[in-house]
Amino acid sequence: MADVSSYENAGDGVTRRVLLAGPRSFCAGVERAIEIVERALEQRGAPVYVRKQIVHNVTVVDDLAARGAVFVEELDEVPDDATVVFSAHGVSPAVRQEADRRGLEVIDGTCPLVAKVHAEARRFAARGDTVVLVGHAGHEEVEGTMGEAPRSMVLVSTPEEARGLPSAVGGQVSYLTQTTLAVDETEEVVGALRERFPLLQEPPSDDICYATTNRQAALKAIVAESDLVLVVGSENSSNSVRLVEIARREGTRAELIDRAGDIRPQWLEGVRTVGLTAGASAPPALVTEVVDRLGEFGPVHVEEREIARETVSFDLPSSVRGQSRRAAGDRSS
């Protein structure tokens, strides 16, 4: 939690309120994925290869690259017998098979909540279902999940696409979702699927992850009071982009920023209250830098609005367990 008192900025002029949504920033799956790369570098030395971005955040990727992580798009860029980390977004069985064939040492950084969706896809497909995945085409998580049962799965993104599925889509129909979707929009798509397939089967528990749900709920708790919402996160971060979209749907101007330097002074003209949050892959330190930057434009008063306390943690893979020279807390200072 931010130290609110440290952000008091005395001076002339009207004091601008900054409403900090909580929870925000790193989730357990992101913490785990980053620590996997850190430990792999410490234990094996550089370079350690990472397929795709370990998490969708420019600052995180740049930091790990500076320490010896090499980010690649596909496995054919990884030398034989090297160590490769799979990103938090997961991979398809075909990628795993290619790594095995190449003799690569694989360290799996897949978020356990993404792995859960993969397991559900396999189970639903094995019993003969047509599996409708609600998600965004081209996202790495979607590609990995679809790869679990490509002949049994159909991707939809909107209610219109759901209603347009043919009635002969095949046998029993079940659905899964990408873990980082907007909750409200996903409910609309699933509702359309239920209209199309009244016997639609659902996953045993929500696929949208707790961190995505919490960050959206926390934003909704402050958006009505905000003249401007700033979301710290990268453009390819699905959960960060969803936060911007939610704020705008609520009628509040919102901007996605990677770092404090992205703030444009004209955004703050006439703004008395700034809502501030960060996607699940954005380091907490970036939020502190944004508050400091806002203070350069005039006095600010920060209010923390925490709607939930997250205590989730995930075990590391056995291949990287053991003492790490860098404490996990160093990443969020």
[X] and [Y]: same hydrophobic cluster, using ILVMFWY side-chain contacts below 4.5 Å?
{"X": "Val156", "Y": "Met153", "answer": "no"}
{"X": "Phe124", "Y": "Val173", "answer": "no"}
{"X": "Phe297", "Y": "Leu230", "answer": "yes"}
{"X": "Val114", "Y": "Val95", "answer": "no"}
{"X": "Val106", "Y": "Ile34", "answer": "no"}

Checklist entry - Do Ser234 and Asn236 have side-chain N/O donor and acceptor atoms under 3.5 Å apart? => result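 No - no donor-acceptor pair under 3.5 Å links their side chains.
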Checklist entry - Stepwise, does the side-chain contact (heavy atoms from CB on, under 4.5 Å) test hold for Val320 with Arg44? => result CA-CA 10 Å; Val320 293; Arg44 292 157 176 80; 3.8 Å; yes
With a 4.0 Å cut-off on N to O distance, would you call [X] and [Y] a salt bridge?
{"X": "Glu187", "Y": "Arg194", "result": "no"}
{"X": "Lys52", "Y": "Glu74", "result": "yes"}
{"X": "Glu296", "Y": "Arg293", "result": "yes"}
{"X": "Lys220", "Y": "Glu250", "result": "no"}
{"X": "Glu98", "Y": "Arg101", "result": "yes"}

When you measure from the side chain of [X] to the backbone of [Y], do you find a donor-acceptor pair of N or O atoms at a distance under 3.5 Å?
{"X": "Arg215", "Y": "Ala211", "result": "yes"}
{"X": "Arg16", "Y": "Gly295", "result": "no"}
{"X": "Gln178", "Y": "Glu141", "result": "no"}
{"X": "Glu161", "Y": "Val134", "result": "no"}
{"X": "Arg122", "Y": "Ala149", "result": "no"}
{"X": "Asn214", "Y": "Pro23", "result": "no"}
{"X": "Thr83", "Y": "Ile107", "result": "no"}
{"X": "Ser157", "Y": "Gly135", "result": "yes"}
{"X": "Glu140", "Y": "Gly138", "result": "no"}
{"X": "Arg67", "Y": "Leu41", "result": "no"}

Within a strict 4.5 Å, meaning less than it, do heavy atoms of the [X] and [Y] side chains meet?
{"X": "Gln53", "Y": "Ser281", "value": "no"}
{"X": "Glu185", "Y": "Ile246", "value": "no"}
{"X": "Leu316", "Y": "Ile36", "value": "yes"}
{"X": "Val229", "Y": "Leu219", "value": "yes"}
{"X": "Cys111", "Y": "Thr179", "value": "no"}

Checklist entry - Should Leu113 and Tyr210 be marked as a side-chain contact (heavy atoms from CB on, under 4.5 Å) after you check the CA-CA gap, both sets of side-chain angles, and the distance that decides it? => result CA-CA 9 Å; Leu113 299 180; Tyr210 77 94; 3.7 Å; yes
Item to check | Asp100 vs Arg96, salt bridge (Lys or Arg N to Asp or Glu O under 4.0 Å): CA-CA, chis, key distance, verdict | outcome: CA-CA 6 Å; Asp100 288 343; Arg96 296 182 187 278; over 6 Å; no
Checklist entry - So, for Asp206 and Lys116, which heavy atoms are closest and what is the spacing to 0.1 Å? => result O-NZ, 3.5 Å
Checklist entry - For Leu19 and Arg17, which heavy atoms make the closest approach, and how far apart are they? => result CD2-NH1, 3.9 Å
N/O donor to acceptor pairs below 3.5 angstrom from side-chain atoms of residues 261-268, sequence neighbours left out:
from	atom 1	to	atom 2	distance (Å)
Asp262	OD2	Asp258	N	2.9
Asp262	OD2	Arg259	N	3.2

Checklist entry - Does atom CG of Asp227 have more than 12 heavy-atom neighbours, drawn from other residues, nucleotides or ligands, at distances under 6.0 Å? => result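 Enclosed: over 12 neighbouring heavy atoms sit under 6.0 Å from CG of Asp227.
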Next on the checklist: For Glu225, is the CD atom crowded, meaning more than 12 foreign heavy atoms sit under 6.0 Å from it?
Outcome noted: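 Yes - once you tally the heavy atoms of other residues, nucleotides and ligands closer than 6.0 Å, there are more than 12.
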Next on the checklist: One pair to check against side-chain contact (heavy atoms from CB on, under 4.5 Å): Tyr175 and Val189. What are the steps and the verdict?
Outcome noted: CA-CA 10 Å; Tyr175 81 89; Val189 179; over 6 Å; no
Next on the checklist: For a side-chain contact (heavy atoms from CB on, under 4.5 Å) check, start with the C-alpha distance between Val244 and Glu255, then their side-chain angles and the critical distance, and finish with the verdict.
Outcome noted: CA-CA 6 Å; Val244 173; Glu255 301 291 346; over 6 Å; no
Checklist entry - Going through the distances and angles, do Glu148 and Arg123 end up as a salt bridge (Lys or Arg N to Asp or Glu O under 4.0 Å)? => result CA-CA 10 Å; Glu148 292 288 353; Arg123 180 167 63 86; over 6 Å; no
Checklist outcome for this item: Hits for side-chain hydrogen bond (donor to acceptor under 3.5 Å, both in side chains) against Glu245, two or more places apart or cross-chain, chain-then-number order -> Arg242
